[in-house]
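Residue numbering restarts at 1 for every chain, and letters A, B, ... go by the order of the sequence lines.
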Amino acid sequence: MEKTYSPQSIEQNWYQTWEEKGYFAPQEGNGNAYCIMIPPPNVTGSLHMGHAFQDTIMDALIRFHRMMGEKTLWQVGTDHAGIATQMVVERIINAEGKTRHDYGREKFIEKAWQWKAESGGTITKQLRRMGTSLDWSRERFTMDEGLSKAVHEVFISLYEEGLIYRGKRLVNWDPVLHTAVSDLEVLSEEENGHMWYMRYPLSNKTGHILVATTRPETMLGDAAVAIHPDDERYKHLLGEFVELPLTGRKIPIVADEHVDPEFGTGCVKITPAHDFNDYEVWQRHRDLSAIQDQPHGGLINVFTVDAAIRENQEDEGKLIPEKYIGLERMEARKQILADLEAEGLLEKTKDHKLMVPRGDRSGSIIEPFLTNQWYVKVGPLAKPAIEAVENGDIQFVPDNWKNTYFEWMRNIQDWCISRQIWWGHRIPAWYDQEGNVYVGRSEQDIREQHKLPDDCLLKQDEDVLDTWFSSALWPFSTLGWPDKTQELENFYPTNVLVTGFDIIFFWVARMIMMGLKFMGEVPFREVYVHGLVRDAEGQKMSKSKGNILDPIDVIDGISLDDLLQKRTAGMMQPHLAQRIEKQTRKDFPEGIPAYGTDALRFTFASLASTGRDIRLDNGRIEGYRNFCNKLWNAARYVLMNTESQDNDLPGKPGEFSTADLWIESRLNQVIDDVTRAINNYRLDLAAQAIYEFTWNEYCDWYLELAKISLQSDNQALQRGTRKTLISVLETLLRLAHPIIPFITEEIWQRVGPLAGKSGETIMLQPYPKAEPEKINRGAINEINWVMDFILGVRRIRGEMNIPPGKPLPALLQDGTEHDKLLLEKHNVYLKKMARLESITWLSSQHQAPESATSLVGNMKILIPMAGLIDKDAELARLEKEIHKIKKDLPRIEGKLNNPGFVEKAPQVVIEKEKEKLAALQSSLQNLQEQHKKISAL
RNA sequence: AGGCGCGUAGCUCAGUUGGUUAGAGCACCACCUUGACAUGGUGGGGGUCGGUAGUUCGAAUCUACUCGCGCCUACCA
C-alpha cells in the first residue's frame, strides 16, 4: 500500500469497476426487496451540497441493505423541470438575438432536447463521483416514452372520473413567463410600499367615501366598495353608489364580513378580477343587480398577459379609459395616481409594508389573473392520503413533520396543473371547432372513439402539465406502470423516501395521493426528512450570496483563485462581487484541499442527526479526512504484519490474548450499535461509533497491544493476534463501507483474502452481524484495568514532564488478589506501554519511598521520585485530584443522607452511589496520606 | 395570527425511556519526529447545559412562563 492516503488515486477506478460489473443492479436471491427512489434532479442541473448530502444518506442506506442481503434497488432518473429548463433554453435563444416565438414550438422543443442531450450528463457524472450505487441500467427521464405513457394514463383516467376538470378562474399568473403557476410556486415576501387613500365620490353628491389600497392601478376594474355590515360609520351608505373616478362608471357600496373595520379606512375597493379575496367577495354579491348589470357581471379584467392595461373589446365601448391602454402596471399606477391627484381625489399616501407575491422562477410580481386552466380536484385524493399517515401506513422521520403534512392536506386547494409553456407533457386534450373537448391517448384514438368524421378539425390543447404532475407518478412510473411488471411487483411500495422538507407539499403529498389512487397502496413506508446544508456562517447557500460550494470542489480541491472565479463569474449584480470575494478569502484563505469523496460522505453522515439543518464546517471535513488516513495507516500496519505470514489458517493452533478477546468483544458491541443506528436513520451515531471504535480502541489500544504479542516468542499467540488483527479490520471495513465506500473497498481487496473472503467486492459482502456470544465481559474488564494502569502512569509522566521514552520503575501497594493476578497476566503490556523498567509489589506496611502516586481502584501505583520528580509539582498534582474528589463527595453524601433518596430511588441506583462513595472516600484517604508524606520531605 | 424547530466548551455538534464526575471533533497549552500514521502520539486547560419558576429523592432531559434565533403556513385591501 502507498504510504500516504490519497483519495484521488483510489476513488477514480472503483466506481467504474462497480458500475461495469453491474453491482448496482438488484441482486437475485431470496432476500426481501429494498427500494429507494431518488428524488429526480433537474436533468440540466448540476450537483449542489444539498444533493450530495441527500445522496450520501440514500447511498449509505442502500449499501447497508444491499449488504444485508436484500434485493436492493436505488432507482435513478432525472426530471425535465418544465419552467426551469425552458428558461435556460430561452436564455440561449435570447443570446442569439431571437425569442422562442421566432423558433416556433416544434423547433424550440427540438432545441430543448438538444440542450438536454448536451448538458444532461453533468449531474449524472457528478452523482457518480459521490459514489452513489444507483442502478444506471434503469435510468429514467420524466419525459421518456414510458413515463409519458404513465402521465397520459393518469390524466385520462382522472379526467374520466371527473377528478380533472377545466375551469375559468383566478390563477397566479406570471406576467414574465406568461404562464399560470401553482400556489406553491409563489413566494410572498414583505417589501416596502405605499398605501394610497383615494376618494370615491358618492353618487348622491353628499361627499365621498375614502378607500385605502396598495394597488391603485386595479381601480379601473373595481366592481364595488365594501364595508363591514356592522360598521356604524358607513352603515347608512349601504345601497348607495359611488362614482368610480377616471372611468365614469357607477359602482355599489356593499356589506361584507371580509372587511376589517380596523384596517385602513374600513372601506375596501373590490376588484374581483385582480384579487383573490375580492373575487370571493364578488362571488357572494354577484347576484345583486347593481353588480350583475355591470360589464362582465362585474368581473372586469383590466390587464393583458404582460400585466399592462388592455385594450377595449368591440362590445365594451370605453370600459377601459383610452389614456391608460398599453401602460405597464407600474406606469399605469403612476399615471392614475397623478390623475387622481389632479382631480383632488388622492387624499394621502402612507408608507406601508406589504407582502409581495413573486414567482419562484422569474422573480416577477405574480398577478391574480382570470384564465382557463386545468385542475385536479384534490379533495377525494387527499382524504386517503391523510388517512395513510394518520394510521401509520406512512411514517415521517422525524415524526413531527406529519403536522406540516396534515396542515397542508387538510386545507388543500384544487391543483392547477396546466402551464402555458412548451417544454413538458402536452395536455392530451383536443378541441373541435365548436369548442367541445375530447381527452384521449392521441388524436387518432379520439377520432375512433368518438366516431368523428375526417372533416372535423381537432386541435390539441396548447398547454403542458405542471412538472410535478409527472414527478407525482415517479414511484410507480419508473417501475413500468401502467404495465404490470415484475419490478412493480418486487419494489412497490418502496421503503423510504429521503427528501428535504421544502418539497413535502410539491412532491411527497402528491406522490402519496397518486400512489394510493393508482396503485392502491402507499408509495413508500417512511419519509425521512433531512435538513438543509448551510455554509459555515449558517447561511443558506445560494448563487446570489456567492456562498455556493460545489461538492466536487471539496472532493478534488480547488485553488482560491479558481473558487473566486467560480463564485463571482456571471453575476447578475456585479456590485456584490466584492463582498463575496472578501467572504471567500476569509473562509478559504488557501482554497480547498482535496479531501476526497469518502471524507465528504463521512462528514455528511456524521452531521446527519435527524431534523436539523447542518452547517458545513471545513474543520470537520478535514478531521474525517484524517480519519480516513488513520484507517489507511492502520490497514498498512496490519498488512505489513500479516501478508505472506501464517495467520492462523485452519489446522494450526492459535492462541488468543485477552486483548484479542477484548477487541472482538468491543467490535461486536459496536456492530450492534451501528446497525441499530442505521436502522433508526441515525447516521451520525453510526459514523461516530465507527470513528471512535476505529481510532480510540482499535488503533490507540489494540494495535499497540498487538505489537507486544507479535514481539513474543509464542508462535500460537502470534498467529492468534494476526488473525484477530485481520478479522477485526476486515469486519470494520464492511461495517464502514456504506458510509465510506471507496477506501473500504480499496483496503478490503487486500485484507479480504487474508480473512479468507473470496468475493470480488466488498459491496456485495454480508454486513457484519453482531454475535453476542463473542462479547467477553471478563476480557473487557481486564483490558479496562490495563488501560487504567497505563493511563495512571502516563498522567504522572505528562504532569511531571518526564519524557515518554524514559523507563521508570513502578512500585505497587494495597492491591487485591485480583490485582495481583492481573498484574501477573498483563505484566508485559504494562511494562511496554507504560515504559516501566520494573514493577514491584510493596506490602502495605512497608514504608514506600517518596513517589508520585496514581490509583487503580484501591491499588496504588508509585513512581519513585528519586531525582526526577519535582516535589512541588507532585504536591500540586495531588492537590488537584484531592480537590476534585472533595468537590464530588458532599454531593454524593448528601444524596445518601437524603431519606427521600434512600426510600424512593431504585436499589441499583442506591448501590451504585454507595460504591461510588466508598471508592471516592478511599481514594481521598490515599491521596491525602500521600500528600502528607510528600510535604513532610 | 397559527404551527414547527433550535439555543449544551471559543467553533461545529452528540447526549436514547429523568439516575455514575455532561461527551466528541476542531481550535488552544505543554511535551514527543518511537520503525502504521505529524493527515501523528501523550498529557492538560475549558461548559452547569439561554433565563425564571415548578414537578421529583434526583432535571441538560418533564411542565409552565420568558428571552433570543430560524423556518413554515395564512394574511388587511
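If you take atom C1' in B:C26 and the same atom in B:G40, they sit 16 Å apart, rounded to whole Å. For the P atom pair drawn from B:U21 and B:G58, the interatomic distance equals 15 Å after rounding to whole Å. Only the C1' atoms considered, B:U33 is 50 Å distant from B:U17, to the nearest whole Å. B:C4 and B:G45 have their C1' atoms separated by 39 Å, with the value rounded to a whole Å. Nucleotides B:A9 and B:U52 are separated by 24 Å at their C1' atoms, to the nearest Å. Rounded to a whole angstrom, the distance from the P atom of B:C37 to that of B:G47 is 37 Å. To the nearest whole angstrom, the two C1' atoms, one in B:A24 and one in B:G46, are 14 Å apart. B:A14 and B:U55 are spaced 27 Å apart, taking the C1' atom of each and rounding to whole Å.
Between the CG atom of A:L187 and the P atom of B:A74 there is a distance of 11 Å, given to the nearest Å. Taking atom CZ on A:F505 and atom P on B:U73, their separation rounds to 6 Å, with Å as the unit. Residue A:F627 contributes atom CZ, which lies 18 Å from atom C1' of B:U12 at whole-angstrom precision. In this structure, A:L600 places its CG atom 16 Å from C1' of B:U12, rounding to the nearest Å. The CD1 atom of A:I412 sits 19 Å away from the P atom of B:C72 (whole-angstrom rounding). Atom CZ of A:F406 is separated from atom P of B:A74 by 18 Å (rounded to the nearest Å). Distance CZ (A:R794) to P (B:A30): 21 Å, rounded to an integer number of Å. The CG atom of A:N897 sits 15 Å away from the P atom of B:G58 (whole-angstrom rounding).
If you check B:A77, B:C71, B:G44 against the side chain of A:R795, the one that comes closest is B:G44. Between B:U39, B:U42, B:A36, one nucleotide has an atom nearer to the side chain of A:D700 than all others, and that is B:U42.
Close to B:A77, at under 4.0 Å from its OP1 or OP2, lies a side-chain N or O of A:H352. Side-chain N/O atoms of A:K630 include one lying less than 4.0 angstrom from OP1 or OP2 on B:G41. At least one side-chain nitrogen or oxygen of A:R612 sits closer than 4.0 Å to the OP1 or OP2 atom of B:G7. A:K880 has no side-chain polar atom (N or O) that falls below the 4.0 Å cut-off from OP1 or OP2 of B:G44.
Ion pairing between A:K832 and A:E704 fails under the 4.0 Å rule for side-chain N and carboxylate O. Salt-bridge annotation for A:E367 and A:R329: present, with a side-chain N of the basic residue lying under 4.0 Å from a carboxylate O of the acidic one. Ionic pairing of A:E915 and A:K912 is not present here: no N-O contact between side-chain nitrogen and carboxylate oxygen is shorter than 4.0 angstrom.
Here the side chains of A:F604 and A:M49 are in contact, with some heavy-atom distance below 4.5 Å.
Counting non-hydrogen atoms of neighbouring residues, nucleotides and ligands closer than 6.0 angstrom, the CD atom of A:Q413 reaches no more than 12 such neighbours. Around atom CD of A:E590, no more than 12 heavy atoms belonging to other residues, nucleotides or ligands sit under 6.0 Å away. Around NZ of A:K884, the count of heavy atoms belonging to other residues, nucleotides or ligands within 6.0 Å does not exceed 12.
Checking B:G46 for Watson-Crick or G-U wobble geometry (two distances, each under 3.5 Å) identifies no partner in any strand. Pair check for B:C62 finds B:G54; Watson-Crick or G-U wobble, both atom distances under 3.5 Å. Pairing for B:C4 goes to B:G70, judged as Watson-Crick or G-U wobble with the two contacts each under 3.5 Å. Of the nucleotides present, B:C11 is the one that pairs with B:G25 by Watson-Crick or G-U wobble criteria, both distances under 3.5 Å.
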**Request:** Check step by step if ring-ring contact (aromatic ring centres under 6.0 Å, His included) holds for A:W695 and A:Y691.
**Result:** CA-CA 6 Å; A:W695 203 311; A:Y691 183 100; 5.6 Å; yes

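Between the side chain of A:R615 and the base of B:U12 there is no donor-acceptor pair of N/O atoms closer than 3.5 Å.
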**Message:** Generate the contact string for nucleotides 15-27 of chain B. Rules: B means base contact, S means sugar-phosphate contact only, - means no protein heavy atom under 4.0 Å.
**Reply:** S---BBB--SS--

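Residue contacts shown for A:R625 include a base, since a base heavy atom lies under 4.0 Å away. Within 4.0 Å (heavy atoms only), A:T213 reaches sugar-phosphate atoms of the nucleic acid but no base atom. Within the 4.0 angstrom heavy-atom criterion, no nucleotide atom of any strand lies near A:M1. Residue contacts for A:E190: at a heavy-atom cut-off of 4.0 Å it reaches no nucleic acid atom on any strand shown. Nucleic acid contact for A:C699: base, since at least one base atom lies under 4.0 Å from a heavy atom of the residue. Using a 4.0 Å heavy-atom cutoff across all strands shown, A:L791 reaches sugar-phosphate atoms only and no base atom. Residue A:N898 is classed as a sugar-phosphate contact, given heavy-atom separations below 4.0 Å to backbone atoms only.
With sequence neighbours excluded, no residue forms a salt bridge (Lys or Arg N to Asp or Glu O under 4.0 Å) with A:R615.
Toward the 5' end of RNA chain B, the nearer of the two residues A:W408 and A:R534, judged by each one's closest nucleotide, is A:R534. For A:M640 and A:P899, each mapped to the nucleotide of RNA chain B holding its nearest heavy atom, the one lying further toward the 5' end belongs to A:M640.
When only modelled atom types and interatomic distance are considered, A:E185 and A:S182 share a side-chain donor-acceptor pair under 3.5 Å.
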